Amino acid sequence: MPLLYSIGKATVGNTLMIGWRPRVEGIEHIPRTGGAIFAGNHLSVADELFLGAVVPRHLAFWAKSDYFTGTGVKGFLNRKLMEGLGAIRVERAGGRAALTAFDAAIPALHSGDLVAVYPEGTRSPDGKLYRGRTGVARLAVAAGVPIIPVGMLGTEKVQPIGRLYPKLMRNTVTVKFGKPIETIGRSDDRTALRELTDQVMLEIQKLTGQEYVSRYAPPKREE
């Protein structure tokens, strides 16, 4: 586990665990070794904070490329912070540039890291669970690692859209982990990836009880 990530677990992570007391279910489904992808619903920016707090291993999150390319003292500090946390760089230009995030995630998974992905592609605007994008399935099949469904509950109450910091609300957040979905031997053709993605979303829905919407979530509004 990277040093800065360990420090974050001991400080921010422990603060969340002690102060907010999130409930955790299915922790036994997290593999002790080896790479895996956490695929969860997305209700709040706090999802990442609580997921990182409850998962005992290093979890590689995505970070926009701006944090890796900034100049001056601030740019240097941001870059070192992202590198120290083991973050995966994401290009937002679209097309081939956006796929570099997947290129970076595959060796991370092969080296035994855990990676978090939100198949909906954006935060739910209304608390419903929207159709998943196939990127999570494509990455899992390419890396040959299992997908672990994750259900987050209550994070939208603790940190609603527009709020900078989580409100101190104990026993409000619940994090549920489902059984791993194996991907070895799965086809990477378009139809198979769609079926795998739909299977993942079904398992997430079972964990959260959210109403499912069979269309993609609308783009996030600027705040």
Side-chain angles (χ1 to χ4, degrees), residues 36-51 59-66 87-106 109 114-143 145-163 174-178 180-181 183 186-223:
I37 296 174
F38 289 105
N41 61 324
H42 200 10
L43 299 173
S44 164
V45 294
D47 294 336
E48 294 183 346
L49 291 175
F50 285 98
L51 185 60
L59 187 54
F61 286 102
W62 312 85
K64 60 183 180 180
S65 60
D66 302 30
I88 300 173
R89 176 173 169 171
V90 177
E91 298 287 349
R92 294 195 170 185
R96 178 60 220 174
L99 295 179
T100 58
F102 279 69
D103 295 337
I106 290 174
L109 289 164
L114 303 174
V115 174
V117 177
Y118 297 104
E120 291 171 279
T122 187
R123 280 173 290 172
S124 172
D126 51 17
K128 298 176 183 178
L129 183 67
Y130 285 80
R131 190 182 196 214
R133 299 182 182 275
T134 58
V136 62
R138 184 176 292 109
L139 176 59
V141 171
V145 298
I147 300 172
I148 301 173
V150 180
M152 305 293 296
L153 297 167
T155 51
E156 79 285 4
K157 298 175 184 176
V158 169
Q159 191 170 1
I161 294 175
R163 184 179 176 86
T174 299
V175 186
K176 298 182 179 182
F177 299 99
I181 300 172
T183 64
R186 297 254 193 173
S187 172
D188 62 355
D189 68 71
R190 194 171 184 177
T191 299
L193 293 178
R194 181 72 260 166
E195 290 177 350
L196 177 55
T197 302
D198 290 343
Q199 179 186 356
V200 170
M201 300 310 292
L202 176 60
E203 293 304 316
I204 294 174
Q205 196 275 333
K206 290 179 181 178
L207 293 172
T208 65
Q210 291 169 278
E211 179 182 343
Y212 181 73
V213 181
S214 59
R215 65 176 186 274
Y216 296 126
K220 182 179 66 176
R221 292 178 298 178
E222 293 296 326
E223 298 170 9

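On a predicted model such as this, the values are computed, not experimentally measured, just so you know.
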Is [X] reaching over with its side chain to a backbone N or O of [Y], donor-acceptor style, under 3.5 angstrom?
X: Q205; Y: Q210; value: yes
X: S187; Y: A192; value: no
X: T155; Y: L43; value: no
X: D198; Y: E195; value: no
X: T183; Y: V145; value: yes
X: E156; Y: G127; value: no

For a quick test of reading the model, state the closest non-hydrogen atom pair linking [X] to [Y] and the distance between them.
X: V141; Y: R186; result: CG1-O, 3.6 Å
X: Y118; Y: G40; result: CD2-O, 3.4 Å
X: I204; Y: V150; result: CG2-O, 3.7 Å
X: G151; Y: L207; result: N-CD1, 3.7 Å
X: Y130; Y: P218; result: CE2-CD, 4.2 Å
X: A137; Y: T197; result: CB-OG1, 3.4 Å

P149 and its side chain to side chain contact (heavy atoms under 4.5 Å, CB included) partner, picked from M201, K206, E203, K176: E203
Audit row: Y216, T122, side chain to side chain contact (heavy atoms under 4.5 Å, CB included) steps and yes/no: CA-CA 9 Å; Y216 296 126; T122 187; over 6 Å; no
Side chain to side chain contact (heavy atoms under 4.5 Å, CB included) evaluation trace for Q199 with L196: CA-CA 5 Å; Q199 179 186 356; L196 177 55; 3.9 Å; yes
Any M152 side-chain heavy atom under 4.5 Å of V175 side chain: yes
Side chain proximity check, R123 to V45, heavy atoms < 4.5 angstrom: yes
Side chain to side chain contact (heavy atoms under 4.5 Å, CB included) evaluation trace for L202 with Y212: CA-CA 9 Å; L202 176 60; Y212 181 73; over 6 Å; no
Inter-residue atom distance L139.CG - T134.OG1, 0.5 Å rounding: 11.0 Å
Atom pair CZ (R131) and CZ (R133), whose distance is rounded to the nearest 0.5 Å: 9.0 Å
